[in-house]
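Step one of this worksheet: look at the structure below.
Values reported hereafter were calculated over all heavy atoms of this structure, with side chains retained and with hydrogens, waters and symmetry mates removed. Sequence lines set the chain letters: A, B, ... in the order given, protein chains first and strands last, and positions in each chain run from 1.
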Number of protein chains: 2
Amino acid sequence: MKDNQEDLIRKLELQIKSSVPGHSVDCVIVGYKDEELQVLMLKQFNSDKWALPGGFIYKNEDIDFAAVRVLKERTGLEYSFLEQFYTFGKYKRRNIEEVINDLKNIGLDSPLIQSWFNQRFISTAYLALVDINECNLKPKGISNNCDWRPVAGITELMFDHNKIVEKAIEKIKKQLNYLPVGKSLLPKQFTMNDLQRLHESILQKKLDRGNFQKKILKLDVLIRREKLYSGAAHKAPYLYEFDDEKYKKLLEDGIAFL
Amino acid sequence: MKDNQEDLIRKLELQIKSSVPGHSVDCVIVGYKDEELQVLMLKQFNSDKWALPGGFIYKNEDIDFAAVRVLKERTGLEYSFLEQFYTFGKYKRRNIEEVINDLKNIGLDSPLIQSWFNQRFISTAYLALVDINECNLKPKGISNNCDWRPVAGITELMFDHNKIVEKAIEKIKKQLNYLPVGKSLLPKQFTMNDLQRLHESILQKKLDRGNFQKKILKLDVLIRREKLYSGAAHKAPYLYEFDDEKYKKLLEDGIAFL
DNA sequence: ACAAAAGTGTTATCCTTACACCCATGT
DNA sequence: ACATGGGTGTAAGGATAACACTTTTGT
């Protein structure tokens, strides 16, 4: 137990020494489960508050790649939708006392670590859209707890992370207008109803069934597969999947669909 | 002359000491003149390349405010459209040798200054839309030249500034779909033709005169004023100005007009 | 009178919206 | 047979795009 702690301290110090000071990345990793958007959150430092997964930027690393690294570390995913969306740089965005306290509580208070976390940090935030079923959550390093939290039920987070999540969700809403986000958030095959409920849960409003279907199909990015017999007492719905070719083309052409 | 140089060095060193290391802001300040979008650019350090106006972030200053400060320093404007749009953090985004060389050439090579500019810098970029007629350009500090450059004719800039400008222009195009940018870029009063040409120069395509007029007027944010007699041999056009109240409301409601 | 550009009108077409209708399925 | 939800159809209204017509102005 003691050794483990020493190990952690040495590891963290090593990371600190090879990272850019004063700047971090935070990832809002969004998935979809139980008909709700979910954000991957973790409890760091034994804190009582949830926080976004984040990381430091190695001295010779592009910040975009730091975000890719964080995403992979937490979910195991290598390729996924990932996009920078805002940089949070308010002078007092972090409550430093809180951090130092948590560090002490968990016994990670070497001088180097203390002075590192005592800095002002500017954080660049990234939005990732992932298929939850493909994620391999692994609590790592100083965070002992890591789980999906429904967007609607998010309470007070660490620092300014509530604002970060808020801005990320806004971003998704806008994305929806020119990007069929289902490709990233749903499993490979899904029913039209699945897709509609996803859109409804993002837009927070009911959509007309018939019109939704027509609109999506007119985009010409879906392939209709065999029917899904769910065992329910009604017509079996078709399964759909995205046509990779056409999806790619849609992205390139940057076509609006609103 | 020597004293002046010493002064500059001391001033710069003072600024360096009170700034956050490794992070800067760059402003793409966009105006409209001669039927073209124009970007405010400057020649720093006697370099042969143009660069965007930028600045460092004081240790106790929000980054947003650093951008406000840069905008004011360069244009004299206090209130204007100003929005963060991207953070550029590639490891090798700046050619450090180039900078050090320029610093030497101009005689600004104290050890502190050298080591400061020798750092990796991550830069958060802001887009400002301004009315050129209201700007008071003032070359200041280490930059001896400062002027409006037409977007179309921009050649090779310092560092990754070409990319920054490119992304800013993309942003404006998107803005145009839900924000009548004329409010920020045109003088208080203008003709419908002025506004149309502005839109055309942003979208890089011709628009139908009749349809444009109807579309804009339907937005219900313009007030029609007296006619403008230009002395030309044709019907005099009306002057228009934005209705501040309705414009504000439009922004709040976030109404799309595409 | 005429050219030039401003303001307004007309029409066909497309897209959106609301809702109705029929179809397949398991009980 | 029937309730349930899936797929498709229709008609009204609104937006868009192309283009024509009328008006005002200085020469």
Quick check on DNA chain C: between A:Lys227 and A:Asp208, whose nearest nucleotide comes earlier from the 5' end?
A:Asp208
So for the helix from C:dA1-D:dT27 to C:dT27-D:dA1, with five pairs setting each end axis, what is the inter-axis angle to 10°?
20°
Would you say C:dT16 has OP1 or OP2 under 4.0 Å from some side-chain N or O of A:Lys218?
yes
Distance in angstrom units between A:Leu217 CG and C:dT16 P, rounded:
14 Å
Distance under 6.0 Å and angle within 45° of ring axis: A:Arg94 vs A:Phe121
no
Pairwise salt bridge (Lys or Arg N to Asp or Glu O under 4.0 Å) hits with a residue in residues 234-244 of chain B, at least two apart:
B:Lys183-B:Asp244, B:Arg225-B:Glu241
Looking only at atom types and distance, does a side-chain atom of B:Asp64 sit under 3.5 Å from a main-chain N or O of A:Gly89, one as donor and one as acceptor?
no
State which residues pass side chain to side chain contact (heavy atoms under 4.5 Å, CB included) with A:Leu77; sequence neighbours excluded, sorted by chain then number.
A:Thr75, A:Ser80, A:Val130, A:Glu134, A:Cys135
Whether the side chain of A:Glu36 engages the backbone of A:Ser201 through a donor-acceptor N/O pair (distance < 3.5 Å, no angle test) should be reported.
no
Tell me whether B:Lys33 at atom NZ has more than 12 heavy atoms from other residues, nucleotides or ligands lying less than 6.0 Å away.
yes
What protein N or O atoms touch nucleotides 10-12 of chain C N or O atoms at under 3.5 angstrom, if any, and at what distances?
residue	atom	partner	partner atom	Å
C:dT10	O4	B:Lys214	NZ	3.2

Does CZ belonging to A:Phe65 count more than 12 external heavy atoms closer than 6.0 Å?
no
Distance, rounded to the nearest Å, where B:Met192 contributes CE and D:dT23 contributes P:
21 Å
Measure the distance from CG on A:Asp194 to C1' on D:dG6 and round it to the nearest whole Å.
13 Å
If only atom types and distance count, is the side chain of A:Asn162 paired as donor or acceptor with the main-chain N or O of A:Glu156 below 3.5 Å?
no
Touch class at under 4.0 angstrom, heavy-atom based, for A:Gly231 against every strand present
sugar-phosphate
Expressed in angstrom and rounded to an integer, what is the separation of A:Leu228 atom CG from C:dA24 atom P?
17 Å
Starting at atom CZ of A:Arg197, determine the distance to atom P of D:dG6, rounded to an integer number of angstrom.
8 Å
Checking A:Lys218 now: which residues fulfil side chain to side chain contact (heavy atoms under 4.5 Å, CB included) with it, not counting sequence neighbours?
none
Would you kindly give the NZ-to-P distance between B:Lys215 and C:dG9, to the nearest whole Å?
20 Å
d(OH, A:Tyr229; P, C:dA24) in whole Å:
10 Å
Output yes when a side-chain donor or acceptor of A:Arg93 lies under 3.5 Å from a complementary backbone atom of A:Phe159, and no otherwise.
no
Within residues 233-242 of chain B, find the residues that approach DNA chain D with a heavy atom at under 4.0 Å, and present them sorted by residue number.
B:Ala233, B:His234, B:Lys235, B:Ala236
At under 4.0 Å, does any side-chain N or O of B:Asn193 touch on OP1 or OP2 of C:dA5?
no
Are the charged groups of B:Glu73 and B:Arg69 less than 4.0 angstrom apart, N to O?
yes
Nearest-angstrom distance from the residue atom CG of B:Leu207 to C1' of D:dC19:
16 Å
With side chains defined as the heavy atoms from C-beta onward, is the minimum distance between B:Cys27 and B:Arg74 less than 4.5 Å?
no
Establish whether the base of D:dG5 is bridged to the side chain of A:Arg209 by a donor-acceptor pair shorter than 3.5 Å.
no
